[in-house]
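The next block holds one structure in the form of structure tokens; read it before the comments.
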Amino acid sequence: MTNDTRLTDAQARGVRYARELEGHLGWLDTFSGTALGVLATASGIYTYLGVSSLLDEIGAMSVFAAIAYSVAVSVGIFVFWSYMMRLFPAVRSARARIGLMVTMGLGSLAIVAMSSWLNAAALAGSAAVEQHLAKTVQDYQSSLERAHEVAITAQSLERDVARVRQSFEDLSEQEAAGALSGLAGRGAVFRVLRQKSAELSGLEGQISAQTPLVETAFAEGNTILSRMRALTVEPGPVDARSVEFSEQAVRLAGLITQMRQLSVAPLVERAAQDLAASVVLPELDSDTAEGRSDQATTISSVLEVLAQRASTLERAAQNVQSLQPAADVTYTPISSADAVILYARNFVPSWAGAIAIDLLPAVLVFILAITQSAIRGGREGAGVEDTLTLAELRAAMTAIRDVEQAMNDMPDAQAEKAARLPGIAKPRPAAE
């Protein structure tokens, strides 16, 4: 070999480096296909579990459908990544690599869409459904507490009604002593005051009767909530627990509606409106015209006071009714796959594992691409003859000898014709 074709030290080191990498790749190739098959099979198994949770029917056809889908996913993952592991490291142009990168991105999205979310459903489906149950319990608890708070606030109107009633009773006592109209006794003014006092007393009794009903409903609601909380953490299949949970949710929703109806604020508002509007005026019973005039004047003053108190009571009832009501909560059963998507932020590790088992071969693709690029860089500037290993050189020499032997065995005309082919040396004459 002349000085012009002799390898430099750097080129020789590059060739040795490339040969070393090729040796490692050769050893890794012996089990890379098996490892990829294991990953694809594992993804298919979890995909089967995820698909099974979505199928409503339980039978041979459903099982066959789930198996068919999971097998298709496993084959698709294995074939896709096999293509990528072979082709992506082999291409050299930037355009080809960008094209394969885009293809790999689209394929990865397809794998996530058809497999990864089902894998996540298999890994964390039951926990996600339990999370949904727990959140529903919190929503029902907030709604129950708000309904109870509004109902108790409405019950506080009893104090306002009692205060107005007491004021009319006091005025009636003053009229009985003659302090209002100047006529002592239980005349027309006294009867008007007692009439409104009796109406308010009846309203007060109605409000008071609602208090035990509100407390009983609230206690029963808390009992149902305790059972619902227990169902979220009990052992056993979550599907069976969801059925009982749904039944308890229906009961609790009805109870919250009942508590809304127990609010006495609308009743107090209507009573306050009727308090001033419906007054039965008694006949003035004074013996003198002056006395009757005094009674009429006093009754007019009483009606003005009555209108003021009724307006105050009506505003108090309206303030209670303007409070934000309890939110309407409806429990909607969902599948494990839907629950995993709905509460994805709470199950990031499960999602990461489900996606990693499908997209891990992408890392192997990039490793192979980097290694192949390093091999090509190590061979840069070296000829084919400089990169031959000893085993390859021996195989080449053996092949040459076989060709020469075959040519020696040919007739002279065929040997002469074969000798004209490029790269075939003319056979030496046999020794005599």
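Since this is a predicted model, take the numbers as computed values, not measurements. Position 1 is the first residue of the sequence, and the numbers go up from there.
- Nearest heavy-atom pair across I77 and A40 is CG2-CB, 4.2 Å.
- N119 places a side-chain N or O within 3.5 Å of a backbone atom of T47 that can act as its donor or acceptor partner.
- Between E234 and R227 there is a salt bridge, since a side-chain N of the basic residue sits under 4.0 Å from a carboxylate O of the acidic one.
- Looking at F88 and Y83, their side chains never come closer than 4.5 Å, going by heavy atoms from C-beta outward.
- R146 is listed as a side-chain neighbour of L323, based on a closest heavy-atom distance under 4.5 Å.
- In this structure, N319 contributes its side chain and R315 its backbone to a donor-acceptor pair below 3.5 Å.
- The main-chain N or O of A253 is found under 3.5 Å from a side-chain atom of T257 such that the two form a donor-acceptor pair.
- A donor-acceptor distance shorter than 3.5 angstrom exists from the side chain of Q155 to the backbone of I207, with no hydrogens or angles considered.
- Ring centroids of F245 and Y331 are separated by less than 6.0 Å, placing the two rings close together.
- Put simply, the side chain of E220 reaches to within 4.5 Å of the side chain of R251, judged on heavy atoms.
- What you find for S82 and L36 is that their closest heavy atoms are OG-CD2, 3.4 Å.
- The minimum heavy-atom distance linking A122 with G50 is given by the pair CB-N, 4.0 Å.
- Screening E130, H132, Q131 against Y343 for a side chain to side chain donor-acceptor pair (under 3.5 Å) leaves a single residue, H132.
- Checking side-chain atoms of S70 against main-chain N and O of I67 turns up a donor-acceptor pair under 3.5 Å.
- Side-chain contact between W81 and L364 is absent, with no heavy atoms from C-beta onward closer than 4.5 Å.
- Ion pairing of D328 with R260 is present here, as a side-chain N (NZ or NE/NH1/NH2) and a carboxylate O approach within less than 4.0 Å.
- Judged by distance alone, the side chain of Y69 and the main-chain N or O of M114 form a donor-acceptor pair under 3.5 Å.
- Using a 4.5 Å cut-off on side-chain heavy atoms (C-beta onward), I111 and F80 make contact.
- Closest approach of M259 and A217 over heavy atoms only: CG-CB, 3.7 Å.
- The closest side-chain heavy-atom distance from I341 to W351 is below 4.5 Å.
- S246 OG to M228 CE: the interatomic distance, rounded to the nearest 0.5 Å, is 9.0 Å.
- Taking all atoms of both residues into account, the shortest heavy-atom contact from M85 to S32 is CE-CB, 4.4 Å.
- Here the rule is side chain to side chain contact (heavy atoms under 4.5 Å, CB included) with Y140, and of L144, T136, V137 only T136 fits it.
- The closest donor-acceptor contact from the side chain of Q210 to the backbone of L262 lies under 3.5 Å.
- Of the inter-residue distances, the one linking H148 atom NE2 with T153 atom OG1 reads 9.5 Å to the nearest 0.5 angstrom.
- Between G221 and L255 the shortest heavy-atom distance is N-CD2, 3.1 Å.
- Side chain of S143 to backbone of A327: a donor-acceptor contact under 3.5 angstrom is found.
- Judged by distance alone, the side chain of S108 and the main-chain N or O of M104 form a donor-acceptor pair under 3.5 Å.
- Using a 4.5 Å cut-off on side-chain heavy atoms (C-beta onward), R270 and P266 make contact.
- Without hydrogens or angle criteria, T232 side chain to R229 main chain gives a donor-acceptor distance under 3.5 Å.
- Looking only at side-chain heavy atoms (C-beta outward), V112 and L359 come within less than 4.5 Å of each other.
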Test log, rule side-chain hydrogen bond (donor to acceptor under 3.5 Å, both in side chains), inputs T41 and S74:
CA-CA 6 Å; T41 302; S74 297; 5.4 Å; no
